[in-house]
Amino acid sequence: MVGKTVLVTGGNSGMGLATTIAMARRGAAVIMACRSRTRGEEALAEAKRPSGSDNIRLMLCDLDSFDSVRAFAEEFAAGYPVLDVLINNAGVVAVGNSYNCRRNG
Ligand SMILES: NC(=O)c1ccc[n+]([C@@H]2O[C@H](COP(=O)([O-])OP(=O)(O)OC[C@H]3O[C@@H](n4cnc5c(N)ncnc54)[C@H](OP(=O)(O)O)[C@@H]3O)[C@@H](O)[C@H]2O)c1
């Protein structure tokens with residue numbers, strides 16, 4: 001992953017944080033797109049330690065807001081010529097998945 005740019009939405013917790021760490025360990029430049037600066041900064045520090053990488057950056061993006069998404073896209077496009085990998089981790093709601101189907105009949 002050296003030389004690759006990876007964007008992880010919701011990179012500040014759970015699977016997003018684990019993915020951030022795993023990608024950074026493999027040498028990628030990782031951008032954590034998070035909606036909370038406070039939670040994002042805490043997670044950024046948390047990700048740098050185990051990954052041993054300084055090539056992780058926090059960018060703010062609230063996927064509930066088109067204005068925030070547009071501002072994020074502009075900032076990203078201004079700073080990076082290419083996005084190699086998008087991990088669409090945040091805010092996915094699994095309705096009618098197999099667990100719910102079994103539970104609800
Ligand atoms: N955990 C599992 O076993 C599992 C299994 C299969 C699939 N998945 C999928 O994997 C993904 C992550 O799951 P998880 O368990 O790691 O969830 P999680 O711990 O709840 O993490 C979700 C992340 O998404 C962020 N987020 C939510 N809404 C957002 C928004 N509007 N804008 C920006 N960020 C937002 C959260 O940020 P805040 O901290 O600000 O809330 C958090 O960082 C989900 O898509 C889930 O469906 C999970």
Side-chain angles (χ1 to χ4, degrees):
M1 297 303 290
V2 174
K4 302 291 184 192
T5 300
V6 176
L7 172 61
V8 185
T9 64
N12 63 284
S13 73
M15 294 182 35
L17 179 56
T19 304
T20 295
I21 293 168
M23 292 290 111
R25 261 196 197 130
R26 287 163 175 77
V30 184
I31 295 126
M32 307 165 76
C34 306
R35 60 181 163 181
S36 156
R37 182 178 295 282
T38 305
R39 288 192 292 278
E41 284 176 349
E42 283 172 8
L44 179 61
E46 204 178 315
K48 283 185 175 176
R49 261 179 269 115
S51 67
S53 171
D54 214 25
N55 203 359
I56 311 174
R57 179 181 170 194
L58 169 67
M59 287 176 69
L60 295 180
C61 181
D62 183 349
L63 295 164
D64 281 341
S65 157
F66 283 120
D67 285 347
S68 175
V69 171
R70 285 191 193 99
F72 169 85
E74 273 177 30
E75 189 186 349
F76 181 89
Y80 298 87
V82 167
L83 174 62
D84 296 293
V85 179
L86 170 63
I87 311 276
N88 251 329
N89 165 80
V92 175
V93 178
V95 177
N97 62 17
S98 57
Y99 170 73
N100 285 332
C101 290
R102 277 199 307 277
R103 193 178 53 163
N104 299 330

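Small disclaimer: the values here were computed from a predicted structure and weren't measured. Ligands are counted one by one from 1 in listed order, and the atoms in each one are counted from 1 as well.
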Straight-line distance of S53 OG to I21 CD1, nearest 0.5 Å: 11.0 Å

Within the protein, is there a heavy atom lying under 4.0 Å from atom 6 (C) of ligand 1? no

Shortest non-hydrogen contact between I56 and K48, atoms and distance: O-CE, 3.8 Å

Show the numbers, then the answer: is there a side chain to side chain contact (heavy atoms under 4.5 Å, CB included) between I87 and T9? CA-CA 6 Å; I87 311 276; T9 64; over 6 Å; no

N or O pair under 3.5 Å between G10 and ligand 1: yes

Decide yes or no on side chain to side chain contact (heavy atoms under 4.5 Å, CB included) for Y80 and L7, but give the supporting numbers first. CA-CA 11 Å; Y80 298 87; L7 172 61; over 6 Å; no

Side chain, backbone, both or neither: which applies to R39 and ligand 1 if a contact is any heavy-atom pair less than 4.0 Å apart? side chain

Of all the atoms in ligand 1, which lie at a distance below 4.0 Å from a heavy atom belonging to D64? 31 (N)

Could you find the nearest protein heavy atom to atom 46 (C) of ligand 1 and give me its residue, atom name and distance? V92 O, 4.5 Å

Give yes or no for whether the N/O distance cutoff of 3.5 Å, strictly under, is met between N88 and ligand 1. no

Report, as yes or no, whether the 6.0 Å neighbourhood of atom NZ on K4 holds more than 12 heavy atoms from other residues, nucleotides or ligands. no

Atom 14 (P) of ligand 1: closest protein heavy atom, distance to 0.1 Å, is M15 N, 4.1 Å

Students should be able to answer this: which protein heavy-atom is nearest to atom 34 (N) of ligand 1, and at what distance? A90 CB, 3.6 Å

Nearest heavy atom to atom 32 (N) of ligand 1 wins, so pick from L63, N12, T9. L63

Intermediate values then yes/no, side chain to side chain contact (heavy atoms under 4.5 Å, CB included), R35 and D64: CA-CA 9 Å; R35 60 181 163 181; D64 281 341; 4.1 Å; yes

What do the steps show when you test N55 against V30 for side chain to side chain contact (heavy atoms under 4.5 Å, CB included), and what is the final call? CA-CA 6 Å; N55 203 359; V30 184; over 6 Å; no

Among all protein heavy atoms, pick out the one at the shortest distance from atom 41 (O) of ligand 1; state its residue, atom name and that distance to 0.1 Å. R35 NH2, 2.7 Å

With a 4.5 Å cut-off on side-chain heavy atoms, are M1 and M23 touching? yes

Indicate, as side chain, backbone, both or neither, the part of C61 found under 4.0 angstrom from ligand 1 when only non-hydrogen atoms are considered. backbone

If you scan protein heavy atoms around atom 12 (C) of ligand 1, the nearest is N89 OD1, 3.0 Å

Can you find a pair of side-chain heavy atoms, one from N12 and one from R39, that are under 4.5 Å apart? yes

Does atom 25 (C) of ligand 1 have any protein heavy atom closer than 4.0 Å? yes

Show the atoms of ligand 1 that are less than 4.0 angstrom away from any heavy atom in D62. 30 (C), 31 (N), 32 (N)

Closest protein heavy atom to atom 21 (O) of ligand 1, given as residue, atom name and distance to 0.1 Å: S13 OG, 3.3 Å

Cluster link I31 to L17, ILVMFWY, side chain under 4.5 Å: no

